[in-house]
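What's counted below: heavy atoms across the whole structure, side chains too, no hydrogens, waters or symmetry copies.
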Amino acid sequence: MKDMTLSTLIAVLEEIFGRGVFWAMVAAAAIVTLAYFYVLVRDRSVSWKKFLLAQLSMPVGAIAAVWFLMVMTHSRLSDMGGPIDVIVLLWVAAAGAIGMAILVYTVEALIGSDRTTNEGK
């Protein structure tokens, strides 16, 4: 494997997670992202109360992402072999934390009762 292409990356991720789980994750990420942009456009401001709750959920997202990766790859933390493994694990944790914050903010904005207030201004 000389070159890293998008198709190679997709093939590797499909092999790790399974075709169905991988594409379900892609679809879920796309839906949450579109809903997040909808909420931002609809509200025209950031609700700091919702933002705080979203930030408080970030450690849960980081732990869940690392746990999910460990389960899908049949690995343990003791299997880590070097600095690149630590770097990848930190990137997975960061992505999980950010994803959880976006998900929590979006869900709270969509089902929350204070949509009509201008608390973010």
Self-check item: Trace of the side chain to side chain contact (heavy atoms under 4.5 Å, CB included) decision for L89 with M70
Solution: CA-CA 10 Å; L89 202 63; M70 295 292 178; 3.7 Å; yes
Quiz item: For M80 and L77, what are the C-alpha separation, side-chain angles and deciding distance, and is it a side chain to side chain contact (heavy atoms under 4.5 Å, CB included)?
Solution: CA-CA 6 Å; M80 293 177 52; L77 289 176; 4.0 Å; yes
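- Note: F68 and F17 have parallel aromatic rings, judged against thresholds of 30 and 60 degrees for the angle between ring planes.
- Linking Ile, Leu, Val, Met, Phe, Trp and Tyr residues whenever their side-chain heavy atoms come within less than 4.5 Å leaves M100 and I63 in two separate clusters.
- Across every non-hydrogen atom of G96 and A65, the tightest pair is CA-CB, 3.6 Å.
- V107 pairs in a side chain to side chain contact (heavy atoms under 4.5 Å, CB included) with only one of the listed residues (L103, V104, L110), which is L103.
- Minimum interatomic distance between D43 and K50 (heavy atoms only, all atoms of both residues): OD2-NZ, 4.4 Å.
- The two residues T8 and D3 have their closest heavy-atom pair at OG1-O, 4.2 Å.
- Although no hydrogens or angles enter the test, the distance criterion places no donor-acceptor pair under 3.5 Å between the side chain of D79 and the main chain of S75.
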Exercise. Apply side chain to side chain contact (heavy atoms under 4.5 Å, CB included) to the pair T33 and I102, showing each step before the final yes or no.
Key: CA-CA 8 Å; T33 302; I102 291 170; 5.9 Å; no
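- Linking ILVMFWY side-chain heavy atoms closer than 4.5 Å, directly or via other members, places L9 and L69 in a single hydrophobic cluster.
- Between E14 and R19, at least one side-chain nitrogen of the basic residue sits less than 4.0 Å from a carboxylate oxygen of the acidic one, meeting the salt-bridge criterion.
- The shortest heavy-atom contact between E108 and L53 is OE1-CD2, 3.1 Å.
- In this structure, A101 and M58 approach most closely via the heavy-atom pair CB-CG, 3.7 Å.
- Heavy atoms only, all atoms of each residue included: Y105 and V46 are closest at OH-CA, 3.5 Å.
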